[in-house]
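The structure appears below as structure tokens.
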Amino acid sequence: MFFFRMIFRSFSRQFKRRLLIAVTVCLSATVSVAMLGVVFDVGDKLNAELSTYGSNITVQPKADAVVNDLYNTGGDANSSASGTSESDPTTFLKESDAPKIKTIFWAFNITNFAPELNIHADVNCASESVDSSSCKASGVPIVGTWFAKTLHMDSGESTVAGMNGMRSWWKLDGSWPKDDSAQGLIGTTLASKLGVTKGDTVTLYKTTADGSRNKQRITITGIYDSGDSDNNAMYIPSSTTQVLANLPDSIDKIEVKALTTPDNDLARKASKNPNALTQDEWETWYCTAYPSSIAYQIEEVIPGSVAKQVRQVAALQGDVLQKTQAVMVLMTVLSLVAAAIAVANLMAASIGERGSELALLKAIGATDGAVSRLMLAETAVISLIGAIVGALLGSGVAQIVGHVVFGSGITMRPMVFVLVFVLLTLTVLIASFSSIRSILGLKPAEVLHGR
């Protein structure tokens, strides 16, 4: 009881100084919990944010992938019509195999995908509002794809896939076409060249491999601005494109948007040759959402395909993630250092003011250990209160950061609070060390006599 009475009396006499220690620890806990909370949850948030700017994995027929590697002819993965090739594809995948992407181990990390059939066709206007004599273009890039196709999986689940979710940065004047219809989108550059607007109808002409000339009337539901050379193209449903080109169930590319884990040494090793991995390495790699492991699993379910990560997107995700985490960890470290300095100075000042009281305790028989435990107990109680309040405030700050930066809340993991309390405990102990040493050097006789 005497021990606790001394704590209470000491706290009452030096309320302001103790309050400053509590506030210091509280602020440090707030910053630490907020920053570490974001650090542990920022990976998925950043990947989700960056994935809104297009696909990070592309799937092609093996023959096309080999040619692209040899001659570096692969264009922007997120701009289908911007590639350098002006000829139609000669090797294909099956469109009916595309839904198998949602059956891989990391199916839930596949947020969207869209198959494509890229061809070229001649365009004539078929609208009374447009001068058909001047509304002509040859060799126009036509992208047959899904827009918002509902897929019913064998598992009983349903998912929606298509360009509607893959091209979120497009500026669209109008509405998205319906799948399996005679509707389409036209790029701003091509629309200006032809002089067409939304609601107009154009006719596509395509000479097929067997020499026949097919045609298809398309109603323009919208005009898009992609910000790149894709504005020279038209997007229509894949089924309509296959009929026009006489290529049933054929696609030449699949764009995949997936939530991934940034590459590390293991992922880079696996991307070169998965067979070079040991059994343990292979299991770790396969069961981690690296772009290369997701691509490998897609190849397993899509016959005759090669899946590759878009290196620019993957590198950007990893670079931004590492820099963001580094900044937040640095802020946490700086807050702990500041707390240590502040607590050490406040304790030193407190001991200086209470020198006669501590000397009296030692004079009546208190050991150095007992006096040291007294000071540590006072500091621990004050710091604990500050840490609890700071943890609550830090959780709130993390949510604010999440909603402002990422548009969603931060998932606060229990390990964040455990880690912060451990770090604060070590910080307070280190800060108290110099003060405890000064207690051990107190000589009751000299202090009580004013020397």
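No side-chain donor-acceptor contact under 3.5 Å links Thr201 and Arg217. There is a side-chain donor-acceptor pair under 3.5 Å between Trp285 and Ser292. Neither side chain, Ser229 nor Asn232, offers a donor N or O lying under 3.5 Å from an acceptor on the other. Checked by atom type, the side-chain pair Thr203/Gln216 shows no donor-acceptor distance below 3.5 Å. Tyr235 and Asp230 share a side-chain donor-acceptor pair at under 3.5 Å. Asp280 and Thr278 form no side-chain donor-acceptor contact under 3.5 Å, judged by distance and modelled atom types alone. Donor-acceptor pairing under 3.5 Å is lacking for the side chains of Asn246 and Asn214.
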Practice item. Go through the steps for Asn124 and Lys215 under the test side chain to side chain contact (heavy atoms under 4.5 Å, CB included), then give the verdict. Key: CA-CA 10 Å; Asn124 284 345; Lys215 71 175 183 178; over 6 Å; no
Exercise for review: Check the pair Lys253 / Val59 against side chain to side chain contact (heavy atoms under 4.5 Å, CB included), numbers first and verdict last.
Suggested key: CA-CA 6 Å; Lys253 182 180 179 182; Val59 187; over 6 Å; no
Exercise for review: Evaluate side-chain hydrogen bond (donor to acceptor under 3.5 Å, both in side chains) for Ser226 paired with Trp169, printing each intermediate quantity in order.
Suggested key: CA-CA 7 Å; Ser226 65; Trp169 70 92; 5.8 Å; no
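Here the closest heavy-atom approach between residue Trp176 and residue Met163 is recorded as CH2-O, 3.6 Å. Taking every heavy atom of both residues into account, Gly184 and Ile218 meet most closely at N-CG2, 3.6 Å. Between Val397 and Ala34 the shortest heavy-atom distance is CG1-CB, 3.7 Å. Across every non-hydrogen atom of Ser32 and Thr332, the tightest pair is OG-CG2, 3.6 Å. Minimum heavy-atom separation, Cys26 to Val389: SG-CG1, 3.8 Å. Heavy atoms only, all atoms of each residue included: Val416 and Gly37 are closest at CG1-N, 3.9 Å.
One distance of note links CG of Asp252 with OG1 of Thr91; it measures 7.5 Å at 0.5 Å rounding. In this structure, the separation between NZ on Lys149 and OG on Ser238 is 6.0 Å, given to the nearest 0.5 Å.
Taking the six-membered ring for Trp and thresholds of 30 and 60 degrees, Tyr224 and Trp170 have nearly parallel ring planes, at less than 30 degrees apart.
With a 6.0 Å radius and a threshold of 12 heavy atoms from other residues, nucleotides or ligands, Lys269 has its NZ atom above the threshold. In this structure, Phe105 places its CZ atom where more than 12 heavy-atom neighbours from other residues, nucleotides or ligands lie under 6.0 Å away.
Taking 4.0 Å as the cut-off between side-chain N and carboxylate O, Arg167 and Glu255 count as a salt-bridged pair. A salt bridge does not link Lys206 with Asp122: every distance from a Lys NZ or Arg NE/NH1/NH2 to an Asp or Glu carboxylate oxygen is 4.0 Å or more.
A 4.5 Å side-chain heavy-atom check between Phe113 and Leu151 finds at least one atom pair inside the cut-off.
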